[in-house]
Asks: 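Here it is, the structure in full.
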Amino acid sequence: MKKRELIKLGLGRKDVAALAQKSVGAAIAAGVGKQAIRRRMRDLVETPTSFFADEHLGDLARTLAESRVEGHAYIPRRNPAPYRRWGDDVDEQAVDQMRNACQVPVAARGALMPDAHVGYGLPIGGVLATRNAVIPYAVGVDIACRMKMTVLDLPVTALGGMRDRLVKTLERETRFGLGAEFRDRREHDVLDADWSVSPVTERFKDKAWRQLGSSGSGNHFVEFGELEVFTRTEQVEAEDDVDRSIGEQPSRFVLEPGRYLALLSHSGSRGVGASVCQHYSKLAMNRHRDLPKQLKHLAWLDLDSEAGQEYWQAMNLMGLYAAANHALIHRHIAKALGASVLADVENHHNFAWAETHDDEPLIVHRKGATPAAAGDLGVIPGSMAHPAYVVVGRGEPASLESASHGAGRVMSRKRAKQTFTWSEAKKFLAEREVEVLSAGLDEIPMVYRDIDDVMAAQTDLVEPLARFFPRIVKMAPPGERAED
């Protein structure tokens with residue numbers, strides 16, 4: 001049998017492949033036909049214990065069975081896990097990544113959101129439910145990346161009349177960039193949590209403290225804008241008992257129709273979250289070295305294992321840490337302005353939740369997708385010059401109660417820099433009354449889908465309650481490496 005056939009069967013690991021070729025050669029020399037060999041090899045991969053007594057394939061069968069006990073063998077699926085797709089204009093590479101994810105042995109179900117684009121392993125906008133396993137790269141590098149909006153009691157006219165003060169407050173109370181941190185460290189109860197749940201979080205706790213309240217780089221932002229509430233909103237609650245907010249308190253969004261001044265932020269767990277992802281992704285890949293190349297970044301950790309439990313607890317800690325970053329941003333800005341909070345809403349993505357779907361307990365990964373169970377509140381942003389939407393989930397079972405997390409990129413950062421100029425971008429922004437304090441060319445509005453098209457593709461997943469128009473935007477300065 002040729003090497004590519006062995007790889008397709010999941011026998012690509014060097015020691016197993018060498019033994020497989022030797023065993024096949026012995027069987028052919030004994031007169032076994034090639035088609036019969038191929039058939040028997042497929043059966044052997046499926047149930048190696050049935051071939052322990054086989055004269056020619058017994059050694060291979062025992063080696064394969066032992067490697068599976070060690071957790072290093074890949075068993076190809078006969079049928080992929082089912083998934084459903086939303087939106088017609090989705091990058092085909094992202095679709096291919098979703099198909100690959102559904103080939104992972106632990107996969108149960110999936111969904112692809114209308115803002116989907118290419119990621120590592122699972123596409124951005126991909127939702128994957130697994131059985132008793134967590135996939136670090138299906139959560140993502142920026143663990144618990146999060147949206148938070150607060151509606152302030154300042155008049156909307158402050159966007160004009162108090163513009164200088166709003167700008168100075170943004171500049172003073174936020175930090176952006178890959179290593180961004182505050183000289184005077186900020187305080188939050190998250191520092192009292194158990195950071196010893198993982199050697200990674202324990203090692204980087206001091207770094208987390210230095211970066212507490214900062215925003216990082218990539219597509220992360222803090223912005224003032226105008227919120228338009230469509231109809232009187234009532235407090236809504238999720239129908240299940242999953243704690244989706246992991247913030248300081250549940251979102252409260254009860255407002256009369258009208259226009260308000262609001263603050264919106266987007267960022268995650270900073271450098272510590274990235275270190276957690278990198279550490280446990282390597283552990284997962286080492287445990288599943290037989291995975292074919294296209295599934296390498298979908299290596300998983302069993303939740304019954306020590307490493308799986310470490311990652312799970314570290315991931316949840318990073319959720320609390322990301323929420324604390326946003327809490328401090330909004331708290332300090334509101335205090336500096338002497339403003340009170342009328343309403344707030346927050347939600348996160350790049351996370352894995354323990355949920356029950358169709359009476360089956362599952363681990364639901366939402367990488368660049370947001371929870372949308374019936375009653376879930378959330379914010380789905382567009383771009384620095386396009387609106388964000390405050391939404392409530394409809395609880396669509398086929399999407400694993402999920403929705404898009406934003407508009408989604410239509411081009412890479414490299415291509416964006418080659419395609420556009422700042423003069424084009426500034427004209428576009430000026431026409432929409434948007435002032436950008438700092439940002440990279442790879443984050444201008446033209447590199448994103450039209451958020452209204454994305455919303456139109458998921459009317460069965462969420463209901464819009466309000467629309468937010470950015471007016472004063474701050475992001476990481478040009479030249480920063482993206483960490484989103």
Side-chain angles (χ1 to χ4, degrees), residues 144-159 162-163 165-176 186 188-190 212-215 220-230 232-236 244-268 319-349 370 376-382 384 387-392 405-406 437 464-475:
C145 192
R146 191 173 182 85
M147 299 296 307
K148 182 175 176 68
M149 173 187 287
T150 53
V151 183
L152 304 176
D153 66 350
L154 298 175
V156 174
T157 54
L159 289 167
M162 291 176 56
R163 200 171 192 88
R165 187 177 174 192
L166 296 178
V167 168
K168 288 177 182 177
T169 301
L170 269 185
E171 296 284 21
R172 185 175 61 249
E173 302 298 343
T174 64
R175 294 289 182 275
F176 283 86
R186 301 198 157 175
H188 191 278
D189 289 347
V190 72
L212 189 60
S214 62
S215 300
H220 299 157
F221 60 78
V222 182
E223 56 195 27
F224 285 111
E226 183 175 339
L227 180 69
E228 176 190 13
V229 177
F230 304 139
R232 187 179 190 280
T233 59
E234 302 286 349
Q235 183 63 49
V236 289
R244 297 189 186 280
S245 71
I246 64 170
E248 295 184 316
Q249 57 189 355
S251 297
R252 58 188 191 283
F253 195 76
V254 182
L255 294 169
E256 295 293 334
R259 294 180 177 270
Y260 301 83
L261 188 147
L263 177 69
L264 182 63
S265 58
H266 174 224
S267 63
L320 294 171
Y321 178 65
N325 286 331
H326 285 270
L328 289 174
I329 291 167
H330 288 248
R331 182 190 305 167
H332 281 262
I333 288 177
K335 183 178 179 180
L337 293 172
S340 296
V341 174
L342 301 177
D344 75 306
V345 56
E346 52 189 311
N347 57 286
H348 60 290
H349 42 273
T370 192
D376 274 353
L377 286 171
V379 181
I380 301 177
M384 62 173 67
Y389 285 87
V390 178
V391 299
V392 60
H405 82 312
L437 306 181
L465 302 176
R467 185 169 53 177
F468 171 89
F469 298 91
R471 291 291 182 259
I472 305 173
V473 179
K474 186 178 180 186
M475 304 183 76

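These figures come from a predicted structure and were not determined experimentally.
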Asks: If you define the side chain from C-beta out and look only at heavy atoms, does anything of Leu437 sit under 4.5 Å from Val167?
Replies: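 Yes, close enough: below the 4.5 Å cut-off.
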Asks: Quick check: closest heavy atoms across Ala324 and Val190, and the distance to 0.1 Å?
Replies: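 Scanning both residues, the minimum pair turns out to be CB-CG1, 3.7 Å.
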Asks: With no hydrogens and no angle check, do the side chains of His326 and Ser265 hold a donor and an acceptor under 3.5 Å apart?
Replies: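 Yes, side-chain donor-acceptor contact under 3.5 Å.
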Asks: To the nearest 0.5 Å, tell me how far Met147 CE sits from Ser267 OG.
Replies: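 The CE atom of Met147 sits 9.5 Å away from the OG atom of Ser267.
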Asks: Tell me whether Asn325 contacts the main-chain N or O of Gly268 through its side chain, where contact means a donor paired with an acceptor under 3.5 Å.
Replies: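 Yes: the side chain of Asn325 pairs with the backbone of Gly268.
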Asks: Would you compute the distance between atom CG of Asn347 and atom CD1 of Ile380 and round it to the nearest 0.5 angstrom?
Replies: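 One gets 7.5 Å once the value is rounded to the nearest 0.5 Å.
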Asks: Between Leu170 and Ile333, is the side chain to side chain contact (heavy atoms under 4.5 Å, CB included) condition met? List the steps.
Replies: CA-CA 7 Å; Leu170 269 185; Ile333 288 177; 3.9 Å; yes
Asks: Could you walk me through whether Phe224 and Leu261 pass side chain to side chain contact (heavy atoms under 4.5 Å, CB included), step by step?
Replies: CA-CA 7 Å; Phe224 285 111; Leu261 188 147; 4.0 Å; yes
Asks: Given side chains that start at C-beta, do those of Leu152 and Val341 come closer than 4.5 Å, heavy atoms only?
Replies: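 Yes - at least one pair of side-chain heavy atoms lies under 4.5 Å apart.
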Asks: About how many Å separate OG1 of Thr174 and CE of Met475, when rounded to the nearest 0.5 Å?
Replies: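 One gets 12.0 Å once the value is rounded to the nearest 0.5 Å.
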Asks: State whether the side chain of His188 and the backbone N or O of Leu212 hold a donor-acceptor pair below 3.5 Å, judged by distance alone.
Replies: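 Between the backbone of Leu212 and the side chain of His188 there is no qualifying donor-acceptor contact (under 3.5 Å).
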Asks: What distance do Leu166 atom CG and Leu337 atom CG have between them, rounded to the nearest 0.5 Å?
Replies: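 Interatomic distance, Leu166 CG to Leu337 CG, rounded to 0.5 Å: 6.0 Å.
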Asks: Main chain of Ser215, side chain of His220: is a donor-acceptor contact present, judged purely on distance under 3.5 Å?
Replies: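 Confirmed, His220 side chain pairs with Ser215 backbone.
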Asks: Where is the tightest heavy-atom contact between Ile329 and Ser214, given as atom of each residue plus distance?
Replies: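 Looking at all heavy atoms of both residues, the closest pair is CD1-O, 4.3 Å.
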Asks: Evaluate the side-chain proximity of Asp376 to Thr370: yes if any heavy-atom separation is below 4.5 Å, no if none is.
Replies: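 A side-chain contact is absent here, since even the closest heavy-atom pair is not under 4.5 Å.
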Asks: What orientation do His266 and Phe221 show, parallel under 30°, tilted 30 to 60°, or perpendicular over 60°?
Replies: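 It falls in the tilted class, 30° to 60°.
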Asks: What's the verdict on side chain to side chain contact (heavy atoms under 4.5 Å, CB included) for Leu264 and Leu227, showing C-alpha distance, side-chain angles and the deciding distance?
Replies: CA-CA 10 Å; Leu264 182 63; Leu227 180 69; over 6 Å; no
Asks: Using a strict 4.0 Å threshold on nitrogen-to-oxygen distance, state whether Arg186 and Glu173 make a salt bridge.
Replies: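 Result for this pair is yes, salt bridge flagged.
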Asks: Provide the closest heavy-atom pair for Pro464 versus Tyr389 in the form atom of the first, atom of the second, distance.
Replies: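 Closest heavy-atom pair between Pro464 and Tyr389: CB-CD2, 4.0 Å.
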Asks: Between Pro381 and Ala388, what is the shortest heavy-atom contact and its length?
Replies: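 Taking every non-hydrogen atom into account, CA-CB, 3.5 Å.
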Asks: How far apart are the C-alpha atoms of Glu256 and Val229, what are their side-chain angles, what is the distance that settles it, and do they pass the side chain to side chain contact (heavy atoms under 4.5 Å, CB included) test?
Replies: CA-CA 7 Å; Glu256 295 293 334; Val229 177; over 6 Å; no
Asks: Might you point out which heavy atoms bring Pro470 and Pro387 nearest each other, and give the distance in Å?
Replies: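 That would be CD-CA, 4.3 Å.
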Asks: May I ask you to decide if Ala339's main-chain N or O and Asp153's side chain share a donor-acceptor pair within less than 3.5 Å?
Replies: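 No.
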Asks: Between Phe468 and Ala262, what is the shortest heavy-atom contact and its length?
Replies: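 Heavy atoms of Phe468 and Ala262 come nearest at CE1-O, 3.6 Å.
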Asks: Look up atom CE in Met162 and atom OG1 in Thr169, then write down how far apart they are to the nearest 0.5 Å.
Replies: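 Between atom CE of Met162 and atom OG1 of Thr169 there are 7.0 Å.
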Asks: About how many Å separate CZ of Arg146 and OH of Tyr321, when rounded to the nearest 0.5 Å?
Replies: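 So the gap between those two atoms works out to 14.0 Å.
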